[in-house]
Amino acid sequence: MFCPKCSQQQPSDEVRFCPRCGFSLAGVAALVADNDVTAAGVDAARVPEQVAKRIGIRRGAKFTFFSLVFAPVFLGLCFMFDTPVFLFVPITLFLAGLLQMLYSVLFGEEILPVRSLSARRNLKAGRENPALDAPQFVPAPYFNSQRVNTSEIASPPSVTENTTKFLDKEV
C-alpha cells in the first residue's frame, strides 16, 4: 500500500500512520480492501448529534435528584443539632437544579459539535495496534569520505606552560 499524500510505500498494511508525512492510513486500508468510497467516512455520519438542551436538563435533574436524596440526611442533622441551618444545603442544590433546567430550556444551544463517539473509537483503536513500526536506523551520509587522523591533531597547551616559560626566562 502507498500513502495517498506523499506516495511512500508502507512496510505493511497494518500501519496506521505514514512514517514519512504522518497521514492517518486507518481509513485508507478499509477503503482499499472494500473498494468502497463510503468506508472511511461512515463513522462520522452515524454519530447521533447530542443536543445541548438535553444535556443541560439532565445535569439540572441530577442536581435536583441529589438534593432530594440528601434531604433526609440533612433533616436528621437538623433534629440532632436543633437548628435549621443544615437544610440550606439540599434547598440550594434543589434550586440550582431547577435553575439549570430552566436555563437549558430557555437559552440552550440546539446542537453541540460532533466529537464524542468517532473520536473515542479512533483513540481506542490505537491500543490494539501500534501506531508506527519499530524505528529503523539509517546512517547519515558522509560529505567527506576521508577519515580524520586524530593523532595529528595538536593537543592544547597546558595552563601552567606559559608561567613555566616565563619563570625559566627570568632565572
Could you go through residues 63-77 and list every donor-acceptor pair under 3.5 Å that involves a side-chain atom there, pairing it with any protein atom two or more places apart or in another chain?
{"from": "Thr64", "atom 1": "OG1", "to": "Gly60", "atom 2": "O", "distance (Å)": "2.9"}
{"from": "Ser67", "atom 1": "OG", "to": "Thr64", "atom 2": "O", "distance (Å)": "2.6"}

Original post:
What is the distance from atom CD1 of Ile57 to atom NZ of Lys62, rounded to the nearest 0.5 Å?
Top reply: 13.0 Å

Original post:
Any side-chain heavy-atom pair from Phe23 and Cys6 closer than 4.5 angstrom?
Top reply: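 No, too far: nothing below the 4.5 Å cut-off.
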
Under 3.5 Å donor-acceptor pairs involving side-chain atoms of residues 84-104, not counting sequence neighbours:
{"from": "Thr92", "atom 1": "OG1", "to": "Phe88", "atom 2": "O", "distance (Å)": "2.5"}
{"from": "Gln100", "atom 1": "NE2", "to": "Ser104", "atom 2": "OG", "distance (Å)": "3.4"}
{"from": "Ser104", "atom 1": "OG", "to": "Gln100", "atom 2": "O", "distance (Å)": "3.0"}

